[in-house]
Amino acid sequence: MNDRAGDTIGVFYSLGPHFAATLGRLRELHPDARIVAIVPHGFPIAGEENSLADEVVETELAHYSSRDVAACLRLISRLRGARYDLFVVMFASARLGLLASLSGSRRRACAPPQGTLIPLESGPLRTLASEALRRVTGALVFAGLHAMTRLTRIRT
């Protein structure tokens, strides 16, 4: 992740123990960047996290569901409007990867608990396709195991 003076970094909070550590690591890697902590509505941000971020932005909702499409679109619109140079999510899940790819940021990364920054390269269609493939594969494996347990004769 190239450091450029004046960059704005958006860090999207996810429930996990390493949010403050991620903010600190980003501050080390990008000392001149403006770091924005994006936290859920009503989230009580601790002193350490507050001191590591230049700005704290609350989301509209405390939790987003893919069933509330309008709220998700408002969140994406708000993220795109902020024009982050780097957008960081806390975990490499399909939902967070999709959010990162829809954020409008050219540089996206995942910051897992190990303290590294992993670039996220795929776009929204590739992220959706890989998630769909993962779900289909999981369903087929489950169906095979279910059939095996139901159809295997047990000798007594």
Side-chain angles (χ1 to χ4, degrees), residues 1-139 142:
M1 304 267 117
N2 299 344
D3 187 18
R4 295 179 225 158
D7 274 359
T8 301
I9 301 172
V11 185
F12 192 80
Y13 175 84
S14 292
L15 187 60
H18 64 289
F19 187 61
T22 297
L23 292 173
R25 181 75 177 132
L26 286 167
R27 179 58 68 209
E28 289 172 13
L29 292 172
H30 307 278
D32 297 329
R34 185 171 150 261
I35 298 177
V36 179
I38 306 161
V39 299
H41 177 72
F43 178 76
I45 191 151
E48 181 183 8
E49 294 153 339
N50 206 6
S51 67
L52 293 169
D54 297 305
E55 183 181 351
V56 177
V57 173
E58 265 193 11
T59 60
E60 176 187 1
L61 302 174
H63 176 75
Y64 285 84
S65 168
S66 56
R67 292 180 181 158
D68 190 354
V69 176
C72 292
L73 290 174
R74 286 191 303 272
L75 173 64
I76 292 165
S77 176
R78 188 171 180 193
L79 294 175
R80 293 180 74 83
R83 298 183 180 265
Y84 296 112
D85 298 298
L86 171 62
F87 188 78
V88 179
V89 294
M90 307 300 293
F91 298 99
S93 71
R95 280 185 184 175
L96 290 175
L98 182 60
L99 180 67
S101 65
L102 293 172
S103 71
S105 175
R106 288 189 181 175
R107 295 182 298 148
R108 301 171 302 276
C110 173
Q114 295 81 10
T116 57
L117 277 182
I118 302 167
L120 297 173
E121 302 295 335
S122 63
L125 292 179
R126 179 178 244 171
T127 302
L128 285 173
S130 65
E131 176 64 9
L133 180 62
R134 187 183 69 78
R135 286 183 181 223
V136 167
T137 303
F142 177 80

List the atom of [X], the atom of [Y], and the distance in Å for their closest heavy-atom pair.
| X | Y | value |
| --- | --- | --- |
| Ile38 | Gly10 | CD1-CA, 4.1 Å |
| Leu52 | Arg27 | O-NH2, 3.3 Å |
| Ala100 | Val89 | CB-CG1, 4.2 Å |
| Ser66 | Cys72 | CA-SG, 4.3 Å |
| Thr59 | Leu75 | CG2-CD1, 4.1 Å |

Please check if the side chain of [X] supplies one atom and the backbone of [Y] the other of a donor-acceptor pair under 3.5 Å.
| X | Y | value |
| --- | --- | --- |
| Ser103 | Leu79 | no |
| Ser105 | Arg108 | no |
| Thr116 | Ile118 | no |
| His18 | Ala111 | yes |
| Asp54 | Val36 | no |

Open item on the list: Can you tell me how the ring of Tyr13 sits relative to the ring of Phe19, calling it parallel under 30°, perpendicular over 60° and tilted otherwise?
Closed with: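 The rings of Tyr13 and Phe19 stand perpendicular, inter-plane angle above 60°.
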
Open item on the list: So that I can tick it off, tell me whether Arg34 and Asp85 are bridged by a salt bridge, with the cut-off set at under 4.0 angstrom between side-chain N and carboxylate O.
Closed with: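 Result for this pair is no, no salt bridge flagged.
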
Open item on the list: Return the SG to CZ distance between Cys110 and Phe12, rounded to the nearest 0.5 Å.
Closed with: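 Cys110 atom SG to Phe12 atom CZ measures 13.0 Å (nearest 0.5 Å).
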
Task: Residues that Arg83 engages under salt bridge (Lys or Arg N to Asp or Glu O under 4.0 Å), provided they are two or more places apart - done: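 Not a single residue meets the salt bridge (Lys or Arg N to Asp or Glu O under 4.0 Å) criterion with Arg83.
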
TODO: List for me each residue that meets salt bridge (Lys or Arg N to Asp or Glu O under 4.0 Å) alongside Glu60, sequence neighbours excluded, and say none if there are none.
DONE: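 Only Arg74 meet the salt bridge (Lys or Arg N to Asp or Glu O under 4.0 Å) criterion with Glu60.
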
TODO: Apply ring-ring contact (aromatic ring centres under 6.0 Å, His included) to Tyr64 and list each qualifying residue two or more places apart in sequence or on a separate chain.
DONE: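 ring-ring contact (aromatic ring centres under 6.0 Å, His included) list for Tyr64, sorted by chain: empty.
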
Task: Qualifying residue, where the test is side-chain contact (heavy atoms from CB on, under 4.5 Å) with Leu86 and the options are Leu29, Ile9, Ile35 - done: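 When Leu29, Ile9, Ile35 are each tested with Leu86, the side-chain contact (heavy atoms from CB on, under 4.5 Å) holds only for Ile9.
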
